[in-house]
Protein chains: 2
Amino acid sequence: MIINIDYTKRCPIYEQIVTEIEREITLGILKPNAQIPSVRTLACDLGINPNTVKKAYDILEEKGLIISKSTKGTFISDDISKIKDIKITELMTNLNDIINELLNYGLTKEEIIKKIK
Amino acid sequence: MIINIDYTKRCPIYEQIVTEIEREITLGILKPNAQIPSVRTLACDLGINPNTVKKAYDILEEKGLIISKSTKGTFISDDISKIKDIKITELMTNLNDIINELLNYGLTKEEIIKKIK
DNA sequence: ATAATTGTATTATATGTACTAATACAATTA
DNA sequence: TAATTGTATTAGTACATATAATACAATTAT
């Protein structure tokens, strides 16, 4: 698993890890029950501290997206059905906000749609 | 000038002030050469420290959007022509990113446009 | 003339978040 | 037996943010 950490972002590393793994799950890159790198391995690959990876994994487990098994490893949950809808809803909300702001600036719906194409 | 500070946001207070004043300028609410509240007044109104307002004003002055005159007050710049285009370009970039992500999730261009309407 | 207001500036302090460092333990696997 | 796993703890560092408490000079209002 290769995650590009962007140190210039305000977004903390552990959150970038969460977002990327969520993304790979929803896009089907990471499949249910698949094993993901151990805390130490990923930390080493990314050149960061294991605690930082552990924090990301804790959040993902809290969300029900991964399951950590002692001495076994960490795995994608077997039920990831909800996450995709949640993600799309999030994106649609952001889309809405931006479009409303563009409308405030005087652009018309047609102009926006034209630029999307 | 009423600015709603959202303390739950990751975005710092001074940046929320910058964003809101930029917004009011581009939307024509704050007009060129208009006087805006003093550092102390705004700080008092918002219930925050004057230094925080000062920081926001410094950034806005650095951007050329406001001008601070010693012992006189702080005023909107007389030339604010560029800022609107900059803001719209920013929004269009964000719009693009979100749409690309939605396309990744399997939505079609037509579905997205339909939801916009 | 006096008091209040303006922008400006400085120093010190507090706080929260992020991240790292250095370990340690128990259980499983090679 | 050695290596790997998740888990956990404690301590420390670094940074950004925000506040507190002042101070100064110039202008404005009373």
Side-chain angles (χ1 to χ4, degrees), chain A residues 1 3-22 25 30 32-78, chain B residues 1 3-22 25 30 32-78:
Chain A
M1 187 185 315
I3 297 176
N4 282 323
I5 304 297
D6 185 344
Y7 289 93
T8 68
K9 280 190 185 169
R10 173 129 54 196
C11 184
I13 298 174
Y14 72 86
E15 215 168 282
Q16 293 185 46
I17 296 172
V18 169
T19 302
E20 180 57 22
I21 292 182
E22 281 183 345
I25 291 174
L30 292 175
N33 300 308
Q35 185 167 14
I36 62 176
S38 76
V39 168
R40 288 174 183 80
T41 301
L42 185 55
C44 190
D45 287 352
L46 301 180
I48 61 177
N49 193 283
N51 292 347
T52 305
V53 176
K54 173 69 172 137
K55 186 165 187 178
Y57 279 15
D58 283 346
I59 292 171
L60 286 165
E61 186 155 27
E62 179 75 22
K63 288 188 176 189
L65 294 176
I66 66 174
I67 297 166
S68 291
K69 302 178 182 174
S70 261
T71 78
K72 297 289 183 61
T74 302
F75 305 84
I76 304 299
S77 168
D78 55 354
Chain B
M1 185 186 314
I3 297 175
N4 282 323
I5 304 298
D6 185 344
Y7 289 93
T8 67
K9 280 188 184 171
R10 174 129 52 196
C11 183
I13 297 174
Y14 73 86
E15 214 168 284
Q16 292 185 46
I17 296 172
V18 169
T19 303
E20 181 56 23
I21 291 181
E22 281 182 344
I25 291 174
L30 293 175
N33 300 308
Q35 186 167 16
I36 62 175
S38 76
V39 167
R40 288 175 183 79
T41 301
L42 185 55
C44 191
D45 288 353
L46 301 181
I48 61 174
N49 193 283
N51 291 350
T52 305
V53 177
K54 173 71 171 134
K55 186 165 186 178
Y57 280 14
D58 284 346
I59 292 171
L60 286 165
E61 187 155 26
E62 179 74 24
K63 288 187 175 189
L65 293 177
I66 67 174
I67 298 167
S68 292
K69 302 178 182 174
S70 262
T71 78
K72 297 288 182 62
T74 303
F75 305 85
I76 303 298
S77 168
D78 54 354

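First the proteins, then the strands, lettered A, B, ... as listed; each starts at 1. Everything numeric here is computed off the predicted structure, so don't read it as measured data.
Annotation: side chain of A/Thr74 is not in contact with side chain of A/Ile67 (no heavy-atom distance under 4.5 Å). A heavy-atom distance below 4.5 Å is found between the side chains of B/Lys63 and B/Ile59. Looking only at side-chain heavy atoms (C-beta outward), A/Asn33 and A/Ile76 stay at 4.5 Å or farther from each other. Side chains of A/Ser38 and A/Tyr57 form no contact here, defined as non-hydrogen atoms less than 4.5 Å apart.
Between the CG atom of A/Asn51 and the P atom of C/dA22 there is a distance of 12 Å, given to the nearest Å. Rounded to whole Å, atom P of C/dC19 lies 13 Å from atom NZ of A/Lys9. Residue A/Lys55 contributes atom NZ, which lies 7 Å from atom C1' of C/dA18 at whole-angstrom precision. Counting to the nearest Å, the C1' atom of C/dA18 and the CD1 atom of A/Ile5 are 13 Å from each other. Rounded to whole Å, atom P of C/dT10 lies 16 Å from atom CG of B/Asn49. Note: NZ (A/Lys54) to P (C/dA18) measures 17 Å, nearest angstrom.
Between the side chain of B/Glu61 and the main chain of B/Ser68, a donor-acceptor pair closer than 3.5 Å is present.
With rounding to the nearest 0.5 angstrom, the CD1 atom of A/Ile36 is 8.0 Å from the CG atom of A/Leu42.
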DNA chain C in dot-bracket form (Watson-Crick or G-U pairs under 3.5 Å, [ ] crossing, | inter-strand) is ||||||||||||||||||||||||||||||
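Each of B/Glu61 and A/Cys11 lies near DNA chain C, and the nucleotide nearest B/Glu61 is the one positioned closer to the 5' end. In terms of position on DNA chain C, the residue among A/Gly47 and A/Lys72 whose nearest nucleotide sits closer to the 5' end is A/Gly47. When each of A/Tyr57 and B/Pro12 is assigned the nucleotide of DNA chain D bearing its nearest heavy atom, the one mapping closer to the 5' terminus is A/Tyr57.
Residue contacts shown for B/Thr71 include a base, since a base heavy atom lies under 4.0 Å away. Contacts of B/Tyr14 with the nucleic acid, taken as non-hydrogen atoms under 4.0 Å apart, involve only primed sugar atoms and P, OP1 or OP2.
Using a 4.0 Å cut-off between charged nitrogen and carboxylate oxygen, B/Arg10 and A/Glu15 count as a salt-bridge pair.
For DNA chain D, the outermost nucleotides in 5' to 3' order that have an atom under 4.0 Å from a heavy atom of chain B are D/dT17 to D/dT28.
Residues from residues 36-44 of chain A placing a heavy atom under 4.0 Å of any atom in DNA chain C, listed by number, are A/Arg40.
For the side-chain contact (heavy atoms from CB on, under 4.5 Å) test with B/Gln16, the passing option among B/Asn4, B/Asp6, B/Ile21 is B/Asp6; the others fail.
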